[in-house]
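Input: a single structure, listed below in C-alpha cells.
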Amino acid sequence: MEVDRRAFIASLGGTAAVSLMDHEAKAEALEHWMEERLDEAVEQQSGAERKFPSVAELDAQLETRKYRRGVGNLFVPRGGADTIKKLPPMPKNATLKDFFELRFAPANHVLQSATRALKTGMSEEVTLACLLHDVVQAMIKVDHGWWGAQLFEPYIPEKSTFAIRYHAALRFYPDSEAGYEYPDQYLRIFGHDYTPPEYIASTYRMVLNHKWYMEPRLVTVNDLYAFDPNAKVSLEPFTDIIGRHFKQPKEGLGNDNTPSSHMWRTIANPDAPL
Amino acid sequence: MRRCRVLGLGSWVLGLLLAAVPSSGQSKPTNYKGLEITVAGIERSAAVGLRDCPPGSNTIRGLTKPGEEFAIVNLSFKVTPAFKETIVKKPVLLDASGKTFNTAMSFVDPGSVPEYSCGFAYRVPEGTKLGKIQIDTATIDLTSFNK
C-alpha cells in the first residue's frame, strides 16, 4: 500500500508533532492510518455501506479508554504517546497569537475553517468565529460551543460570540438550504442512533427562529470542510481581522480580570495542580 | 517497428478526431467571467462525497433519507486568461418547475488550477427532473440530461 507521507504527517499534526513521538508511537500511528485508508478503499470498491456504531456500542467502550472523551487536548498525551510533554512557557503579556502558537497549535482545523470562510466571502464576524470556534477544545470538549463563547465573549463582537456558542447545537441538524449536511463523521463518533439531548434540541429551536441564525449556521457549513490533511494554512491571513475585532488586553490574556481570565490562565498553565 | 509507428500515428489521429467531437453527454461551454463551464453529465446517488471545487482531498459524505437522492451535476471548468481571481457564488440548481436547491459545496480558489471537474451534489426528491443550473449570472440548461 502506497503511503502519502505528507497526508500522514499532516494527520498527526505536522513534522513538529511527529518529531516528539517515539518509534513505537509512530509505528502505531502509521498502522492505524493505513488501516483507515484500506477500509476506505475497500468500501469504495465494493460500494458497501459504512457500518457505524450504535450509542450503546460506543457506551460499552467507555471502560477501555484511558481518559474521558470530553477532556481537553492539553490534558492528555498527543499523537499516540503514553505520556504528556512539557509545554513551552507563555510570554508575560500573552496575545491571542501567542495562544495560537503555544497552546492551540497546530490549530489546523480552525485555520482551515476560517480560510474557507475567507475564500467563500463570509463576513468578518463569521470568519473570526470560524477561526475561534473550536480552540477551547484545548481546555475542554464537552459543550465546547458554550465554553468557547464564554472564553471569547469579553473580547469579540456579539455576533461572533453568538456564532461560536450555538454552532455546537446546530451541527446536529442538517440544513440543505444553507448547504449543511449531517456529517457521517458524527454517525461514527456519536452513534448512528444518537438523539441530541433536550437542551441541544431546545437551543436549536431557539436559534432557528433567531435573526442571527445564519451566523452559527455558517460556522457549521465551514466546519465540515476543515479536516483536509493536505491543506496548508496559517494565522497570517487573519491578522487584520483579529486586529479589527479582537480586543487584545494590554496586560495579556489571563491577567485582565475579565469573567474569562481564569480560563485563559487554565489554558496557559494546565499543569497547575490546583 | 514501422508498423507500430503507423499504428501509433493512427491512434493519435483517431484520438484527436474523437476529442474534437463533443460527446452527446456534454453541453456547449458557457463563459462566466473567464471561466469556461461545460456540463459533463448528471448522476443520481443515495450517498455522495462532498468536496469543494476545485476538488481538494477532503471529502465529507452526504447520506440521503428515504424518498431523497443526490442529483450530482458534473461540471468541467477551464480557466481562461480573462479570469480574474474572485469569489464565485455557489451554483444553484433549479428543477423543471423552477424550484431552487442549494449545494453544500463551494468554489474555493477557482483560478488556482487551469482545468478541473467538480460534481455539485443537490439533495432532491427522488426522480426530480432538472431544469437548469445557475452560477451567479450564468445559466446552463440541463433539460437534455434528464432521462
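Chain naming here is simple, since letters A, B, ... match the order of the sequence lines and numbering starts at 1 in each.
Taking each heavy atom of B/Leu63 and A/Asp184 in turn, the nearest pair found is CD1-CB, 4.4 Å. Across A/Thr120 and B/Ser106, no two heavy atoms sit closer than the pair CG2-CB, 3.6 Å. Nearest heavy atom pair, residue B/Ala104 against residue A/Arg116, reads O-NH2, 3.6 Å. B/Asn102 and A/Glu177 get closest at one heavy-atom pair: ND2-O, 2.6 Å.
The contact between B/Thr103 and chain A is made entirely by backbone atoms, counting heavy-atom distances below 4.5 Å. Only the backbone of A/Leu118 comes within contact range of chain B, with heavy atoms under 4.5 Å apart. Contacts between B/Lys89 and chain A at a heavy-atom distance below 4.5 Å are absent for every atom of the residue.
Considering CD of A/Glu181 and CD1 of B/Ile60, their distance stands at 10.5 Å, rounded to 0.5 Å.
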What verdict does the side chain to side chain contact (heavy atoms under 4.5 Å, CB included) test give for A/Tyr182 and B/Arg61, after you've listed the backbone C-alpha separation in whole Å, the side-chain angles of each residue and the deciding distance to 0.1 Å?
CA-CA 9 Å; A/Tyr182 191 82; B/Arg61 267 165 59 102; over 6 Å; no
